[in-house]
Amino acid sequence: MNLINRSIQYALSAETGNTDSVVVGVYGKSDNLEINGTLTIVADDLDEGTTFDDLSKKQLFALATKKLPTLLPNLAYTNYQFFVQNDTPVRLTAYSDLSNNGSYISLSSTLDQSDFTDKAIESVGYEDVKSAVKTILSQEFPTS
């Protein structure tokens, strides 16, 4: 998935004027996933001896995209909806989100029968949808 940088926002300390954290807006879309998020980068995410002011926009975006795969396993699955054609479910869209220490992610995933090899799409349940989305995410955003 090709991710793009939608925004960068600096949070400055009221006492020192130094950058305390940076919030990076991230967006990406593939055939079956659409992700929109704001990821907070804190000092602990930086290499030792590096400050936020040392980093370019590209470097900050790289830190955010590096952090993304570690957050995705914590998504909460809020709902899913079937798309029905001729009284038969043909695909579904699952909606997920995350709010975690200043990082916010929303994800929509479009799944079809090929994502459910062991049962018919009309009989899938919550755990089946969760598992299918996790499989796609692990392919799109490997953690290694």
Side-chain angles (χ1 to χ4, degrees), residues 1-84 89-144:
M1 172 181 294
N2 185 30
L3 297 172
I4 62 169
N5 184 348
R6 285 241 168 123
S7 64
I8 293 182
Q9 180 180 13
Y10 294 84
L12 304 176
S13 165
E15 292 86 35
T16 66
N18 294 330
T19 306
D20 285 340
S21 63
V22 175
V23 178
V24 179
V26 176
Y27 175 80
K29 188 173 183 175
S30 67
D31 290 341
N32 53 356
L33 294 176
E34 184 171 5
I35 190 164
N36 197 3
T38 55
L39 299 152
T40 300
I41 308 300
V42 295
D44 288 345
D45 296 322
L46 305 179
D47 290 336
E48 190 173 324
T50 302
T51 69
F52 288 107
D53 299 327
D54 297 328
L55 301 175
S56 69
K57 178 177 81 168
K58 285 183 179 181
Q59 291 169 313
L60 291 168
F61 181 66
L63 283 172
T65 57
K66 180 180 175 185
K67 194 172 192 174
L68 184 60
T70 64
L71 295 171
L72 292 174
N74 301 313
L75 286 168
Y77 295 82
T78 54
N79 71 36
Y80 59 95
Q81 298 173 318
F82 285 97
F83 175 77
V84 177
V90 293
R91 67 177 179 272
L92 64 87
T93 301
Y95 301 95
S96 318
D97 58 37
L98 168 79
S99 175
N100 182 322
N101 295 327
S103 292
Y104 304 94
I105 300 169
S106 69
L107 174 75
S108 64
S109 313
T110 302
L111 309 170
D112 62 22
Q113 183 60 60
S114 68
D115 296 300
F116 305 102
T117 56
D118 58 341
K119 60 174 64 174
I121 194 168
E122 59 267 12
S123 65
V124 300
Y126 176 76
E127 290 300 324
D128 302 313
V129 171
K130 234 171 93 167
S131 177
V133 172
K134 285 185 180 203
T135 298
I136 294 168
L137 287 173
S138 69
Q139 294 165 351
E140 288 283 348
F141 301 100
T143 55
S144 57

Shortest non-hydrogen contact between [X] and [Y], atoms and distance:
X      : Y      : result
Met1   : Glu140 : N-OE1, 2.8 Å
Val42  : Ser21  : CG1-CB, 4.3 Å
Pro89  : Glu122 : CG-CB, 3.6 Å
Phe82  : Ile121 : CE2-O, 3.4 Å
Val133 : Ala94  : CG2-CB, 4.1 Å
Ser96  : Thr78  : N-OG1, 4.2 Å

Would a distance-only check, ignoring hydrogens and angles, find a side-chain to backbone donor-acceptor pair under 3.5 Å from [X] to [Y]?
X      : Y      : result
Thr16  : Ser13  : no
Gln139 : Pro142 : no
Ser131 : Glu127 : no

Calculate, to the nearest 0.5 Å, the distance between atoms [atom1] and [atom2] belonging to [X] and [Y] respectively.
X      : Y      : atom1 : atom2 : value
Glu34  : Ser106 : CD    : OG    : 8.0 Å
Leu137 : Ile35  : CG    : CD1   : 7.0 Å
Tyr27  : Ser7   : OH    : OG    : 14.0 Å
Leu63  : Leu46  : CG    : CG    : 6.0 Å
Thr135 : Lys130 : OG1   : NZ    : 12.5 Å
Asn100 : Lys67  : CG    : NZ    : 8.0 Å

- Within 6.0 Å of NZ in Lys119, more than 12 heavy atoms from elsewhere: yes
- Residue Asn79 excluded, over 12 heavy atoms near CG under 6.0 Å: yes
Is there side-chain contact between [X] and [Y], with at least one heavy-atom pair below 4.5 Å?
X      : Y      : answer
Leu92  : Gln81  : no
Tyr95  : Tyr80  : no
Leu107 : Asp97  : no
Val23  : Leu39  : no
Arg6   : Ile4   : yes
Ile136 : Asp115 : yes
Asp128 : Phe116 : yes
Ile105 : Leu71  : yes

- Task: Dump the intermediate steps for side-chain contact (heavy atoms from CB on, under 4.5 Å) on Val22 and Thr40, then the final yes or no.
- Result: CA-CA 6 Å; Val22 175; Thr40 300; over 6 Å; no
- Message: Show every side-chain hydrogen bond (donor to acceptor under 3.5 Å, both in side chains) that has at least one partner inside residues 52-61, sequence neighbours left out.
- Response: Thr19-Asp53, Thr51-Asp54, Ser56-Gln59
- Might you work through the side-chain contact (heavy atoms from CB on, under 4.5 Å) test for Val24 and Thr65, ending with a clear yes or no? CA-CA 9 Å; Val24 179; Thr65 57; over 6 Å; no
- Hey, mind stepping through Arg91 and Leu111 against side-chain contact (heavy atoms from CB on, under 4.5 Å) and telling me if it holds? CA-CA 6 Å; Arg91 67 177 179 272; Leu111 309 170; over 6 Å; no
- Message: Quick one, Phe141 with Leu68, criterion side-chain contact (heavy atoms from CB on, under 4.5 Å). Give me CA distance, side-chain angles, the key distance, then yes/no.
- Response: CA-CA 8 Å; Phe141 301 100; Leu68 184 60; 3.7 Å; yes
